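Since the model is a prediction, treat every value here as computed from it, not as a measurement.
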Amino acid sequence: MWVRSATKADLDAVRDMLALTWHATYDDVYGVEKVKAITDRYHSLDALKKQLAKPYSEFIIADDGADIMGMAYASQKDHKLSILNQLYVHPEHQKKGVGSLLLAEMESAFPGVYALQLEVIESNQKALSFYESRGFERTNSRIENWGEPNSGISVVVLEKSLTGFELAP
């Protein structure tokens with residue numbers, strides 16, 4: 001398995017992996033139609049192309065030379081904070097170290113920032129456990145309707161100090 005920067009040629013496969021992962025994770029919670037609407041909006045080719053082109057961001061994938069096993073996307077908010085917007089692992093490759101490799105890359109992708117922040121859908125206990133076991137702590141922030149008004153999707157905000165990655169004074 002390799003972790004590398006994503007390219008335009010990867011985006012179709014990334015989109016398919018994201019849709020599959022979201023359906024596997026959230027269909028039973030939010031229903032197929034709501035998950036489809038979310039993936040169509042946030043994981044469309046246009047959305048992924050914008051992420052790939054955004055300055056001060058990192059878009060990476062883990063693959064085995066044939067299939068995309070996972071992806072992560074983060075951007076630098078300011079000189080102190082980076083935001084992990086996405087980290088998803090194909091359901092068949094979960095619990096095999098893919099997410100840990102992607103996360104480790106993102107933690108070192110923005111030298112000089114002090115913290116990495118992310119949002120996790122509150123009902124996704126597997127994701128919450130994953131991040132908390134890797135040093136992320138819940139902040140006092142919570143979003144009741146993530147994505148759009150009355151979405152019914154609650155997210156919690158987690159943050160991890162990145163001490164050790166600061167630039168020398």
Does the side chain of [X] pick up a donor-acceptor pair with the side chain of [Y] at under 3.5 Å?
X   : Y    : result
Y88 : W22  : yes
S44 : R15  : no
Q94 : K126 : yes
Q76 : E58  : no

request  = Please check if the side chain of T21 supplies one atom and the backbone of L18 the other of a donor-acceptor pair under 3.5 Å.
outcome  = no
key: Expected output: side-chain K160 to main-chain R134 donor-acceptor under 3.5 Å   = yes
Residue pair E159, R138: steps toward the side-chain contact (heavy atoms from CB on, under 4.5 Å) verdict = CA-CA 6 Å; E159 191 169 290; R138 294 177 192 224; over 6 Å; no
Test item: [X] and [Y] side chains (from C-beta on) under 4.5 Å apart, heavy atoms:
X    : Y    : answer
V155 : V120 : no
K96  : M69  : no
M71  : F59  : yes
E137 : L158 : no
R4   : D10  : yes
I121 : Y30  : yes
M1   : D63  : no
V157 : L118 : no

Please report the shortest heavy-atom distance between [X] and [Y], naming the atom on each side.
X   : Y    : result
T7  : L52  : C-CD2, 3.7 Å
V29 : S123 : CG1-OG, 3.9 Å
L81 : Q117 : CD1-CB, 3.8 Å
K54 : S75  : NZ-OG, 3.6 Å

query = Heavy-atom count around D16 CG within 6.0 Å, excluding the residue itself: above 12?
reply = yes
request  = Can you establish whether the number of heavy atoms outside E144 located under 6.0 Å from its atom CD is more than 12?
outcome  = yes
message = With rounding to the nearest 0.5 angstrom, report the OH to CG distance, Y131 to L116.
response = 9.0 Å
